[in-house]
Colleague: 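Got a structure for you, written out below as structure tokens; questions coming shortly.
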Amino acid sequence: MAILPRAVRRLALVLPLALLAPQLAVAQDPAPPTPQYLTEEGETPWIYEGSDVPRDEEWTFGELPNGLRYAVRNNGVPPDQVSIRVRIDAGSLHEEDSEQGYAHLLEHLLFRESQYLGPAMAIPTWQRLGATFGSDTNAETSPTHTVYKLDLPNVDEAKLAESMKILSGMVRAPVLSDANVQAEVPIVLAEKRERGGPQQRAAEQTRETLFAGQKLANRLPIGTEATLNGATGASVGAFYERWYRPENTVIVAVGDLDPMQLAAEVEKWFGDWQGEGAATPAPDFGDPVAPPGADPANPVGEVAGIVAPGLQRSFTYAVMRPWRPVNDTIVYNEGLLRDSLAQALINRRLEARARAGGSYLYAQVAQDDVSRSTDATFVSFAPLSEDWEAALADVRGVIADALANPPTQEEIDRELAEFESIFASSVEQRRVMAGARLADDIVNAVDIRETVAAPETVLTVFNSMREKVTPEQMLEQTRKLFAGPVIRAAYVTPETGEASDAEIRTAMLAPVEAASDARIAAQDISFADLPAIGEPGTIAQQGPLGVLDIERVDFANGVKAILWANDAEPGRVAVKVRFGGGWRAIAEDEAAYAMLGRMALVGSGVGELGQEELDRISTGRRMGFDFDITDGAFTLFAQTRKQDLADQLYIFAAKFAMPRWDPNPVERAKAAARLAYESYAANPAGVINRDLEYLLRDKDGRFEVADPAAIAATTPEGFREVWEPLLKNGPIEVLVFGDFDKAEGIAALTRTFGALDQRGELSPDVANEGFGFPEPGETVVRYHNGDANQAAAVIAWPSGAGVDGLPESRQLEILTQVFNNRLMDAMRERAGASYAPVINSQWPTDVESGGRITAFAQLRPEDVPAFFAAADTIGQDLATTPPSADELQRVTEPLLQYVNRVSTGNLFWLFQLEGSTQDPARIGLLRSLLNDLTQTTPERMQALAQKYFGDKRGWRMAVIPEGQELATRVTSAPAEAGR
């Protein structure tokens, strides 16, 4: 008997059967072919060579005579998908000086034209197969590898074969002509330009300092303008021939098909691939080496004071060790776990010091094996002021104490409980691990020359380590983390003269006084000892919601809950609380407090629990406390598990019943907001993030980002005055979706949210508050103080809002995706005017106004008029001429597959149904969702385009460099808009 995919089983209960009929046909498939080069029974798979880590038996491995290795696995999450990864062991570290950027350029060229794909046909081809470019089809180039990624939805044997054929043509036979190189280089340069600016330059200088003497110091994957402009088909082809060889290739395929079928397709399309000539050995990446005369006891080497106006202060120093391949054994992994434990112990102390009002905003220790170039321990922190020496001394003092004295057993036990929770949760959720993540795990393991292990194995190794760990052993492990042949440091500051190289070196060489007060005192905190929220509430009404077996429970105090207990995602429970009026309830003069609320409302605590106590009481549990503001409601969100659900609900309800108002989180949020504001003007994207929402809301003061003066004027007392009434008024809706017992969940809600006092009503003014949209007129111009070749442009049109318009909003999603494809063609292919222009539709459903369609691009200042011209052309063309059936199919097929995939998870249903206790119309409109998103006509799209783009001039904004004037003339016509 055929078993329907989970997505179809769920959707079949709420959607018309006619829409699902094409997916229900099941053919009798022939037996899968037998691969010829699987690892034989009793042999060691290639990834486990030299290791005693137990093999994950769900993986099947093979190695072809040409040296290509592969790994395949059956996985049904999400249903009907196959995730394929093709990893080439060649990145920017494999380039010669004259080839900088070639590994990444090749990544682009493989998508441009290859054996089975004509010029620029990759994106539309994958779209017709249901894959979205940029998420389902993607690639990445790092210093050590290039990976091509495909997540293919709605897969069958024929689609798998076609996709593997296309991938083989891309990897084995790309068309590396001069014409293709000349077409793609401007796009890569646009990507480089958009990444540029003060942040990038500071990052490059930091990299040059920390990795001095190694190839990694100056081998960014993006390359240089000189080497990219000098690229030809022949020169890029030479790099390709040297590194794109079967023995440098690993292919991973994970998905909802027989692994033998996956393996057979790999062997079929890659089995006869042969490299040209003798293989080239990988270059030497170099080792970190101390300069002559460095003190072995404190081997400070290269340091740099980096001035970057507009950036936040940040200090990084690293203890560097040579990287060497390892035998990935159980003993080695126990050592890695002890390393992680040592870092967690220090990071906990560093965070506690920052919370208490330290000299830094944040600080963190992290060990990392970087690009097979160094095994390093990095220490990073952000000073709160120009007194970076005090912050450095504070951070080093915490670390010095950890190097001088063993941690307490209580500290160790606390971190071990956190680790156990994570590893045990992975075991619980093993059967719902996404295939894409499993495929990426193999790729990452190959990159660092290690193995993969089943979650049960990881938990077993952890328990083995746990039984043997002692405070003295952790002291020894910590000392190993901070020992190495050289220490390097880089300090980024916006102020000239604040820190010279000599001053940084002196500070790093100075003796350190151990901070004996850094240790966190032991505290026993139990939920059993906390006060009750109130008298348990009573249920006023309970019954099915009318979708699947989802339940609605209304309490006598006005709180309403939606629950869906199911086992689709073992070990996962999502909890979301919607309350109050959201942005509608915030006054224009409270914008600064709204911004601080996002950062400090949770940290200010509940009852007798401050942020430290909340962390401690959550030790060993899966709990969360995320806060956000939407147009129509405030929200709390957490991912938890059934054994922690009752306590998670208690913490959320306590925020309403007994809010705490600690001042330290507010002061820390003020410091963070002040530091962030100073960096907004450093590039066009920062200015967009600062100003766009305010401008698109017709200069509504609630959405204006507070400047340093407004931030300085806030106080912890004012914070409480604003947020205390916001917590008290307006309806509360609680959604609980996932793996829990329904009766226990309702009982927990009765003791927590059901026990809250009756809530105050939203005032009519708040309930009826709307949001404006600016009148189109002259282009709004803002300025940044970054690079002279960077700009950004925005064009926006007003759209709709409200639940009643949901069907139209879904059709509008189709239209904007068509628009997006055309905009990408027009701007990306137009001499690299923009690397990734994008258009999206926002249709609020918890208010009745504020919807908009927004297109955005980063580009050169001279190309701003071309962007506006392209957007106008596309909008008018869609309004006058219906899009083709092929254009629509390239959009609706990926949307169909997207809905089928995400509807297998609880969050999809939670997000669709949130707010339905206030507006039940959402429930009925859920039935038309799939139809609305995937069924349309060219004529309907034209009608929508006429409505929203027809005779409407879009509102426009441009961000250009200071000192320049806005260009108004299109210097060259935009490309045909993708028709």
Side-chain angles (χ1 to χ4, degrees), residues 27-51 53-76 81-90 110 114-116 145 147-150 152 155-174 241 243-279 435 438-443 445-446 449 451-452 454:
Q28 295 298 319
D29 297 315
T34 302
Q36 300 300 306
Y37 301 104
L38 298 175
T39 300
E40 297 288 343
E41 187 75 26
E43 292 184 353
T44 301
W46 52 266
I47 202 169
Y48 290 98
E49 292 174 356
S51 172
V53 172
R55 173 181 173 179
D56 185 343
E57 296 294 339
E58 294 194 36
W59 284 103
T60 298
F61 297 91
E63 186 167 1
L64 303 181
N66 59 13
L68 184 144
R69 295 161 292 165
Y70 66 80
V72 295
R73 175 172 176 162
N74 177 259
N75 176 273
Q81 176 173 298
V82 167
S83 294
I84 303 171
R85 304 291 184 263
V86 180
R87 180 191 181 276
I88 307 295
D89 196 48
L110 264 62
S114 57
Q115 182 175 0
Y116 304 111
H145 71 197
V147 183
Y148 300 90
K149 303 181 178 184
L150 172 64
L152 188 67
V155 74
D156 55 25
E157 286 81 357
K159 187 181 286 190
L160 172 68
E162 179 66 14
S163 299
M164 201 67 79
K165 169 186 171 182
I166 293 171
L167 281 171
S168 73
M170 290 171 57
V171 173
R172 296 179 53 177
E241 296 291 347
W243 300 116
Y244 276 64
R245 304 173 59 94
E247 59 267 40
N248 290 337
T249 304
V250 169
I251 298 178
V252 187
V254 185
D256 207 359
L257 286 174
D258 190 310
M260 295 301 100
Q261 181 75 40
L262 300 173
E265 293 295 341
V266 172
E267 294 188 1
K268 175 181 178 181
W269 294 104
F270 291 89
D272 61 347
W273 183 21
Q274 297 296 328
E276 296 289 333
L438 293 168
D440 289 337
D441 285 347
I442 290 280
V443 168
V446 172
R449 307 303 195 246
T451 65
V452 289

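Being a predicted model, the structure only gives us computed values, none of them experimental.
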Colleague: Take a 6.0 Å sphere around CD of E49 and say whether it holds more than 12 heavy atoms from other residues, nucleotides or ligands.
Modeller: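 Yes.
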Colleague: Side-chain contact test, heavy atoms from C-beta onward, threshold under 4.5 Å: evaluate it for V452 versus L438 and give yes or no.
Modeller: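 Of all side-chain heavy-atom pairs linking L438 with V452, none is under 4.5 Å.
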Colleague: Is there a side chain to side chain contact (heavy atoms under 4.5 Å, CB included) between H145 and V446 once you walk through the steps?
Modeller: CA-CA 10 Å; H145 71 197; V446 172; over 6 Å; no
Colleague: Please report the shortest heavy-atom distance between F61 and P45, naming the atom on each side.
Modeller: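 So the minimum-distance heavy-atom pair works out to CD1-CB, 3.5 Å.
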Colleague: So do R69 and I47 actually touch side chain to side chain, heavy atoms under 4.5 Å?
Modeller: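 I47 does not reach R69 side chain to side chain.
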Colleague: Show your reasoning for whether side chain to side chain contact (heavy atoms under 4.5 Å, CB included) applies to T60 and M260.
Modeller: CA-CA 9 Å; T60 298; M260 295 301 100; 4.0 Å; yes
Colleague: Could you note down all residue pairs passing side chain to side chain donor-acceptor pair (under 3.5 Å) where residues 39-48 supplies at least one of them, sequence neighbours left out?
Modeller: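 The answer is none; no pair qualifies.
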Colleague: Is a side-chain N or O of R245 found less than 3.5 angstrom from the main chain of G277, in a donor-acceptor match?
Modeller: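 Yes, because the side chain of R245 sits within donor-acceptor range (under 3.5 Å) of the backbone of G277.
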Colleague: How about K149 and D440: do any of their side-chain heavy atoms sit closer than 4.5 Å?
Modeller: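 Sidechains of D440 and K149: in contact.
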Colleague: How about L152 and I84: do any of their side-chain heavy atoms sit closer than 4.5 Å?
Modeller: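 The answer is no, as the side chains (C-beta and beyond) never meet within the 4.5 Å cut-off.
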Colleague: Distance-only criterion, 3.5 Å: show the donor-acceptor pairs between side-chain atoms of residues 263-273 and protein atoms not counting sequence neighbours.
Modeller:
residue, atom, partner, partner atom, Å
E265, OE1, W269, NE1, 3.1
E265, OE2, Q261, NE2, 3.2
E267, OE1, Q36, N, 2.7
E267, OE2, Q36, N, 3.4
E267, OE2, Y37, N, 2.9
E267, OE2, Y70, OH, 2.6
D272, OD1, R172, NH1, 2.7
D272, OD1, R172, NH2, 3.1

Colleague: What is the distance from atom CG of L160 to atom CG of D258, rounded to the nearest 0.5 Å?
Modeller: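 Rounded to the nearest 0.5 Å, the CG-CG separation comes out at 11.0 Å.
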Colleague: Taking P259's backbone N and O only, do any of them form a donor-acceptor pair with R73's side chain (distance below 3.5 Å, no angle check)?
Modeller: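 Looks like no, no N/O pair under 3.5 Å.
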Colleague: How about D156 and K159: do any of their side-chain heavy atoms sit closer than 4.5 Å?
Modeller: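 Side-chain contact under 4.5 Å: yes.
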Colleague: Which value, rounded to the nearest 0.5 Å, describes the distance between D256 atom CG and L262 atom CG?
Modeller: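 That separation rounds to 10.0 Å.
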Colleague: Could you measure the distance from the OH atom of Y148 to the OG1 atom of T249? Nearest 0.5 Å is fine.
Modeller: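 Spacing of OH (Y148) from OG1 (T249) equals 10.0 Å.
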Colleague: Report yes if some heavy atom in the side chain of L150 is under 4.5 Å from a heavy atom in the side chain of S163; otherwise report no.
Modeller: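 Result yes, sub-4.5 Å side-chain heavy-atom pair found.
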Colleague: I'd like to know if the side chain of N74 and the backbone of L257 have a donor-acceptor N/O pair within less than 3.5 Å.
Modeller: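 Flag set: sc N74 to bb L257 pair under 3.5 Å.
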Colleague: Which one of D441, V252, V254 satisfies the side chain to side chain contact (heavy atoms under 4.5 Å, CB included) criterion with R85?
Modeller: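 Of the listed options, the one satisfying the test is V252.
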Colleague: Looking at every heavy atom in both P174 and V171, which two are closest together, and how far apart are they?
Modeller: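 Closest pair (atom of P174, atom of V171, distance): CD-O, 3.9 Å.
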